[in-house]
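None of these values were measured; they are calculated from a predicted model. Lettering of chains follows the sequences in order, A, B, ..., and the numbering in each one begins at 1.
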Amino acid sequence: MQTKKVSASYPEPVVSLAFDTLQMNKQALVFVNTKRSAERTAEEIAKNIKDNEDLLKIALTAKTSLSNPTKQCERLSYCLRKGIAFHHAGLTQGQKTLVEDNFRNGTIKIICCTPTLAYGLDLPAFRVIIKDLKRFGRRGLAWIPVLDYLQQAGRAGRPKYDSHGEAIAIANTDSEKENIYEKYVKGEPEEIQSKLAVEPALRMYVLSLIATGMVSSRKEIYSFFDRTFWAHQYQDSDRLAEVIEKILLMLSEWEFLRADEEEEVFNATPIGRRVSELCIDPYTAYFIVECLRRAASKKIEVFSFLHMISSTLEMRPLVKAKTREIELLQQELAKYHELLLMDEPPMYDAEYDYFLDSFKTALMFREWVDENSEEYLLENFNVRPGELQVKIDMADWLMYAAQEMCTLLHFPYLKREISKARFRVKYGVKEELLPLLRLKHIGRVRARKMYSNRIKDLGDVKKADIIMLSQLLGRSIAASVKKQVGQESEKTLEGF
DNA sequence: GGACGGTGAAACTTCAGGTTGCCTC
DNA sequence: GAAGTTTCACCGTCC
């Protein structure tokens, strides 16, 4: 076997390998198993490098990605000044593309990243360094699938520029080295599993097949699934039938499907059709409908809906309740108890932990709609900007679905309330700012600025002095805002 | 005596990512 | 399972 030695100039092998790559004037991707580790490793490499003048601009872009930078932004910015970066789902969208683009054009030399970068994105590098081949899963720390290894190693070598690439897996002991060689280098990738077998996906499929009129009789449903990869893999058609029957039963009980008298032909109900169009798990839809029915006859606030959406499968992974917070959370829970739209599971019930997590997630959303910063949420809930954005998008979608359910259930009042809550979550603002958000180019930061300068609604915008508005928002945005309220006269532009 | 600070061992936490919907209070 | 963080007991110092 051909071997190659790299001098261990630094205590950590990854850092030595990184510098070896830099000396060759090549690029590397370093795969690690946690976000924290990606950040730490990048900093570890960066701290031995001098600032590069050419990189100050992108470092600044990364830092100013949010109106007030989080610690994460600062750390990324520090690394970028030295041509090093980290990349994971916690970055803002802008920061992610900034890192990707500047790696592609060669400005950034090394990215320390979580497995995200191995999938979907086309981001090859001369060298791939796989630091962690173990990852935390349900059963503690476990070896990653061979498929994941191949996916990561496959990033090595840029077809246009390099004649070859290097994929390096790091072993900590001799026996580990042996293991890695046997399992990954020589090993066979595992069989591909059909995603259809997951119940939520299956529920959505069955409902949408019927709702779109693709199938309607029980016979057609079976013959459709018989032709899928799932059935091919499953082989056991009795068990398959059992699963499909269970789903048909659930969908009927939830009133998304209606069967004829012989229970042979199924049709989607109006609400079932809408659920299928909205692409949400029917179970979630059923849960939302139940919550709304309760909400119709009790006191509700924004928090009621924040908690409702935080209790869905879609919102997972939830913000975790720490052990020492439990008492505090329970105190908060007592305050909010009457606003919740579902029953609290008994303490020590298996579901209780999950319930506390969903409650904490709802609290996180509450802080967000109370206009707390991304940094605040990172510090207090350990939710990074990128993860927050994913949660916001999901919340937006679920609340839209809830609005639609309200229409079908004839709950106009609830629909208005949810709509307000939805806007507040989308923009992260208190209710008082909602009128200003109708303006283009006005988000949470500018709206708050305007509001605290006594511009509280569109009428105030009309009345506002253009010069004062320009000082607040900048000239072009001030002009655009004025234009949006129908004031575009030459007069407003005077004095510039 | 007690407030304070430093130290280290023990206990406790946490740990990847995510398709693509809709329409505007 | 491992790295990072918090907690806590313990000890020495200073006032």
Side-chain angles (χ1 to χ4, degrees), chain A residues 12 31-41 44 86-91 96 112-121 130-145 148 151-152 172 176 195-196 198 200-201 204-205 208 274-281 284-285 302 305 313-317 319-326 357 381-384 386-387 389-391 393-407 412-427 429-440 447 457-458:
Chain A
E12 288 191 55
F31 285 104
V32 298
N33 63 5
T34 67
K35 295 195 262 285
R36 183 191 283 173
S37 170
E39 295 177 14
R40 217 209 77 231
T41 312
E44 206 60 39
F86 54 84
H87 188 291
H88 54 60
L91 301 189
K96 278 191 246 180
C112 300
C113 58
T114 53
T116 357
L117 273 195
Y119 292 90
L121 276 164
I130 304 170
K131 184 169 167 261
D132 301 309
L133 281 163
K134 285 181 180 171
R135 198 153 56 216
F136 185 84
R138 267 197 212 136
R139 273 167 261 133
L141 215 57
W143 293 99
I144 63 171
D148 284 17
Q151 193 64 238
Q152 294 179 14
N172 297 310
E176 210 176 277
K195 286 249 164 99
L196 198 54
V198 189
M204 287 165 71
Y205 267 106
S208 95
R274 197 72 190 108
V275 168
S276 140
E277 284 164 7
L278 289 166
C279 276
I280 55 173
D281 179 359
T284 297
V302 192
F305 302 117
L313 282 175
E314 279 89 342
M315 203 48 86
R316 290 184 185 188
V319 182
K320 282 235 191 72
K322 293 177 191 164
T323 327
R324 65 168 172 285
E325 288 173 340
I326 288 181
D357 290 351
F381 294 87
N382 197 25
V383 175
R384 294 171 167 82
E387 298 160 324
Q389 196 53 57
V390 171
K391 289 234 175 328
D393 289 347
M394 199 65 235
D396 187 57
W397 183 237
L398 287 171
M399 287 206 254
Y400 174 73
Q403 271 173 244
E404 293 297 290
M405 302 288 111
C406 284
T407 310
Y413 167 70
L414 286 182
K415 185 175 176 180
R416 270 199 308 279
E417 289 304 305
I418 294 176
S419 177
K420 263 197 282 188
R422 184 175 156 224
F423 262 73
R424 289 188 56 189
V425 170
K426 189 164 179 176
Y427 292 98
V429 293
K430 294 180 185 165
E431 189 166 349
E432 63 203 30
L433 293 190
L434 289 179
L436 293 174
L437 290 173
R438 295 168 70 174
L439 297 164
K440 269 187 198 159
D457 54 36
L458 298 190

Taking [atom1] from [X] and [atom2] from [N], how many angstroms apart are they, rounded to a whole number?
X	N	atom1	atom2	result
Arg316(A)	dG17(B)	CZ	P	18 Å
Tyr205(A)	dG21(B)	OH	P	13 Å
Gln152(A)	dA16(B)	CD	P	13 Å
Met204(A)	dT19(B)	CE	P	13 Å
Tyr400(A)	dT24(B)	OH	C1'	10 Å
Leu437(A)	dC23(B)	CG	P	21 Å
Asp396(A)	dT20(B)	CG	P	17 Å
Glu277(A)	dC23(B)	CD	C1'	14 Å

Phe136(A) ring over dC15(B) six-membered base ring, under 5.5 Å and 30°:
yes

[X] side chain, from C-beta outward: closest of [options]:
X	options	value
Asp148(A)	dC15(B), dA16(B), dG1(C)	dA16(B)
Arg274(A)	dG18(B), dG21(B), dC22(B)	dC22(B)
Arg36(A)	dA2(C), dG17(B), dG4(C)	dG4(C)

Between [M] and [N] - [atom1] atom distance, rounded Å:
N	M	atom1	answer
dA16(B)	dT5(C)	P	14 Å
dT19(B)	dA2(C)	C1'	33 Å
dA3(C)	dG18(B)	P	26 Å

Whether the side chain of Asp132(A) engages the backbone of Asn33(A) through a donor-acceptor N/O pair (distance < 3.5 Å, no angle test) should be reported.
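Pair found, side chain donor or acceptor close to backbone of Asn33(A).
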
Sub-3.5 Å donor-acceptor pair from the side chain of Asp357(A) to the main-chain atoms of Lys320(A), do we have one?
no

Give the C-alpha distance, both sets of side-chain angles, the deciding distance and a yes or no for salt bridge (Lys or Arg N to Asp or Glu O under 4.0 Å) between Glu417(A) and Arg422(A).
CA-CA 9 Å; Glu417(A) 289 304 305; Arg422(A) 184 175 156 224; over 6 Å; no

Checking salt bridge (Lys or Arg N to Asp or Glu O under 4.0 Å) for the pair Glu432(A)/Arg424(A): CA distance, chi angles, key distance, verdict?
CA-CA 10 Å; Glu432(A) 63 203 30; Arg424(A) 289 188 56 189; over 6 Å; no

If the cut-off is 4.0 Å, is [X] near the phosphate of [N], judged by side-chain N/O to OP1 or OP2?
X	N	value
Thr116(A)	dG17(B)	yes
Arg324(A)	dT6(C)	no
Asn33(A)	dA2(C)	no
Lys35(A)	dG17(B)	yes
Thr323(A)	dT13(B)	yes

First encountered from the 5' end of DNA chain B, between Lys415(A) and Arg422(A)
Arg422(A)

Contact nearer the 5' end of DNA chain B, comparing Pro317(A) with Pro435(A):
Pro317(A)

Would Glu39(A) and Arg36(A) pass as an ion pair if we require N to O under 4.0 Å?
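So Glu39(A) does not pair with Arg36(A) through a salt bridge.
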
So what does [X] hit on the nucleic acid, given a heavy-atom distance under 4.0 Å: a base, only sugar-phosphate, or nothing?
X	answer
Lys134(A)	nothing
Arg40(A)	sugar-phosphate
Lys322(A)	sugar-phosphate

Going by atom types only, do Gln389(A) and Asp393(A) share a side-chain donor-acceptor pair under 3.5 Å?
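Yes, because at least one side-chain N or O of Gln389(A) sits under 3.5 Å from a partner of the opposite role on Asp393(A).
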
Who pairs with dG12(C) - Watson-Crick or G-U, where each distance is under 3.5 Å
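Matched dG12(C) with dC4(B) under the 3.5 Å cut-off.
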
